Amino acid sequence: MGSTARKRILVLGGGFGGIYTVRALHKALHGRTDIEIALVNQENYFVFQPMLAEVISGNISPLNTVTPIRDLCPGATLYVRTVERIDLDHKVVITSHGFRPGQSVLPYDYLVLALGTLDNFGVVRGLQEHGLHFKNLGDALVVRNRLIHLLEEADSEPDAALRRRMLTVVMAGGGFSGVEAIAEVNDFIRDVARRYPHVDPADLRVILVHAGPRLLPELPASLSRYAQTLLTRRKVEMRLQTRLAAVTADEAHLSDGSVLPTKTVIATIGATPNPVLLALPCRKERGRVVVNAALEVPEYPGVWALGDCAHMLDHTTGRPCPPTAQYAVREGQRVARNIVAAIEGTAPRPFAFADWGMMGALGHRAAVGQVLGIRVAGWPAWVLWRAVYWSKLPGVTRKVRIALDWLCRVLLPRDYTQLNVAPSERLTRAHFEAGEVIVRQGDPGDLMYVLIDGEVDVVQQAEGGERVVATLTQGAWFGEMALFNEEPRSATVRTRTSVTVLSVDRRTFQTLVAHIAPLREAFERLMRHRAAADQARRQHHEEERVVF
């Protein structure tokens, strides 16, 4: 049920596809008062993804990779909301309502699906709990801050093994995003490490794990080999035809059985379709909405999909159109023209685009790519890469700011200021593989744990060695006695299987038990029970010694 006063074109998603759809619509329908163009996006800014990796290394200021959507799309109504549900039969979109309770209902006459994909870290055990994403601006800042924090800690860490673990970075994914990110990580950490007098450059390890036989499979094999050789020469270790199997707070487990001691795992793997799209009653292929040649959903005229959301065969290759920025931009422009055609009652035109090629930066003034069938590599490719993407930056302001950032990077030392802007987490999830120690007897008690899944053994050290005093399973908790009594851990907790736990810090724990009487009473009963059981075990042990 669309609006009777004005027809509304509703675009969902503020990535390349959504933004360029709105811009093309504004240009084509400028001055039309009978039509409203609206955009729904979770943030009020557009991220220029191709340059995001340079935020990690400090080549570009973080804010210079983003542009306010209101500046890019001045003629559109912006809703900074989360899309909760789409009702295609009643032509409404349900969104979150910001600070007010309840939901917001947005009716539409024409709908564009450009929601993109979400991260799916569930493909690897422990990745959700201990891995770092690399998809948006916040992720790039988190990775940068993590690298600086590790260098700061390593500079004052007396334990050589722990120091080497801190200085090991693992990247999962050898596509364009993974390669560009690991190249910037490698440049940054090796350059900045020279500022830390107690960090030995020989302890730095940067490792790229990729399931395929070669990096950058989208490019010809010769360019993939060039990229691999160049990164290897810059001391990036390669683990090809190997998958990331599990991640813990201290290790990365690989599919070949090897274990990498590390405190940092970054992942560009595991994209999954948006669940809002999966719930739609239309045909899908691997989670992507099947569209016709005009990018329209056949079962629902007036609904279009593009970018990562759409499944359509490329007219030149016969394969599905790739989810790249250059395709999303052209698809957005074609969808806009076809919406205008639908409004004016003319026939839509099919989408057709010849891929111009692909390029990827390798850090330190090098890149690889194939443009219009010509293969380029090294310094000339890096110059071309920067020129092409700089020209595509939206707006003159961003072009000037990025150019100044690059100039400052040439003239001035690299900045390694840490910017911690995220609030401290009070409740966190953690993953452990079998045989790992979660808490150790004698350590100070700072966290309480709740077992989400798996099994653990509670082990106490005694004169005759160690003994298992209890086995805990899903739903049990441990570590609360050390928090209650402010004493060291009285036992070691070791995993029997792979385990996921919820950890609660001391302050949160004390707040909960202070204000929730039933919870406090439950913990007190459990503590009395465990104290009595421990006393009985000690008495039994003494009796055994006397008999002996």
Side-chain angles (χ1 to χ4, degrees), residues 15-17 19-20 47-54 56 59-60 65 116-117 134-135 140 171-184 208 210-231 236 238 240 268-269 271 288 306-334 351-394 402:
F16 277 97
I19 290 295
Y20 279 86
V47 182
F48 194 75
Q49 292 280 352
M51 292 182 176
L52 199 57
E54 294 198 65
I56 297 175
N59 288 344
I60 294 176
T65 62
T117 58
F134 182 68
K135 188 172 184 178
M171 170 68 74
F176 280 103
S177 295
V179 168
E180 291 181 342
I182 201 64
E184 294 296 333
L208 181 58
H210 181 52
R214 62 185 179 92
L215 303 181
L216 303 173
E218 301 89 347
L219 292 177
S222 60
L223 294 178
S224 295
R225 287 193 298 270
Y226 176 87
Q228 182 175 337
T229 301
L230 182 66
L231 291 174
V236 176
M238 301 289 172
L240 301 179
T268 59
I269 59 177
R288 300 168 71 179
L306 51 82
D308 293 354
C309 291
H311 174 85
M312 187 186 75
L313 298 182
D314 192 315
H315 74 288
T316 57
T317 65
R319 297 190 297 269
C321 293
T324 61
Q326 60 176 320
Y327 266 86
V329 168
R330 271 69 181 192
E331 288 171 356
Q333 293 168 343
R334 171 47 53 199
F351 171 74
F353 172 63
D355 191 350
W356 291 0
M358 294 183 176
M359 300 191 71
L362 303 177
H364 202 64
R365 301 182 179 87
V368 290
Q370 182 170 260
V371 181
L372 299 176
I374 302 173
R375 301 179 185 183
V376 289
W379 184 82
W382 176 77
V383 172
L384 181 60
W385 182 90
R386 282 203 162 178
V388 169
Y389 284 113
W390 183 84
S391 69
K392 294 181 180 298
L393 281 165
I402 293 291

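Everything numeric in this text was worked out from a predicted model, so none of it was measured.
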- Message: Determine whether a donor-acceptor pair (N or O, by modelled atom type, separation under 3.5 Å) exists between the side chain of Glu180 and the backbone of Met51.
- Response: no
- Shortest non-hydrogen separation from Ala361 to Ala367 and the atoms involved: CA-CB, 3.9 Å
- Note on the structure: side-chain contact (heavy atoms from CB on, under 4.5 Å) filter on Thr229, not counting sequence neighbours, yields Arg233
- Which heavy atom of Ala140 sits nearest a heavy atom of Phe134, and at what distance? CB-CE1, 4.0 Å
- Please round to the nearest 0.5 Å and tell me the distance separating atom NZ of Lys135 and atom CD of Gln49. 8.0 Å
Listed pairs under 3.5 Å, donor-acceptor, residues 379-386 side chains, sequence neighbours left out:
unit_1: Arg386; atom_1: NH2; unit_2: Glu54; atom_2: OE1; d: 2.9

- Query: Between OG1 of Thr65 and CD1 of Ile60, what distance do you get to the nearest 0.5 Å?
  - Reply: 7.0 Å
- Could you note down all residue pairs passing salt bridge (Lys or Arg N to Asp or Glu O under 4.0 Å) where residues 311-328 supplies at least one of them, sequence neighbours left out? none
- Message: Within the structure provided, determine whether Cys321 and Leu313 are in side-chain contact (heavy-atom separation under 4.5 Å).
- Response: no
- Note on the structure: Between Gln370 and Leu219, the two heavy atoms sitting closest are N-CD2, 4.2 Å
- Least distance between heavy atoms, Gly307 atom then Ala328 atom: CA-CB, 4.5 Å
- Could you pull out all residues at least two apart from Thr324 that satisfy side-chain contact (heavy atoms from CB on, under 4.5 Å)? Pro322, Gln326, Tyr327, Met358
- Report the residues that fulfil side chain to side chain donor-acceptor pair (under 3.5 Å) with Thr268, sequence neighbours left out, ordered by chain and then residue number. none
- Item | Inter-residue atom distance Arg225.CZ - Leu230.CG, 0.5 Å rounding | 14.5 Å
- Query: Could you give all pairs that pass the salt bridge (Lys or Arg N to Asp or Glu O under 4.0 Å) test and reach residues 325-334, with sequence neighbours left out?
  - Reply: none
- Query: How are the rings of Phe16 and Tyr20 set relative to one another: parallel (under 30°), tilted (30 to 60°) or perpendicular (over 60°)?
  - Reply: parallel
- If you measure from CD1 on Ile182 to CD1 on Ile56, what distance do you get to the nearest 0.5 Å? 8.5 Å
- Task: For Phe176, check ring-ring contact (aromatic ring centres under 6.0 Å, His included) against everything at least two apart and list the hits.
- Result: none
- Task: Inspect the surroundings of NE2 in His364 and state if more than 12 heavy atoms from other residues, nucleotides or ligands are less than 6.0 Å away.
- Result: no
- From CH2 (Trp390) to CD1 (Ile402), nearest 0.5 Å: 10.5 Å
- Note on the structure: The complete set of side-chain hydrogen bond (donor to acceptor under 3.5 Å, both in side chains) pairs with one or both residues in residues 213-223, sequence neighbours excluded, reads Arg214-Ser224, Ser222-Arg375
- Task: Quick one: closest heavy-atom pair of Pro217 and Gly174, and the distance?
- Result: CD-O, 4.1 Å
- Residues passing the side-chain contact (heavy atoms from CB on, under 4.5 Å) test with Gln228, sequence neighbours excluded, are Leu215, Thr232, Met238, Leu240
- Quick one: CG on Leu362 to CG on Leu231, what's the gap to the nearest 0.5 Å? 5.5 Å
- Item | side-chain contact (heavy atoms from CB on, under 4.5 Å) involving Ala377 - partner list, sequence neighbours excluded | Leu223, Tyr226, Val368
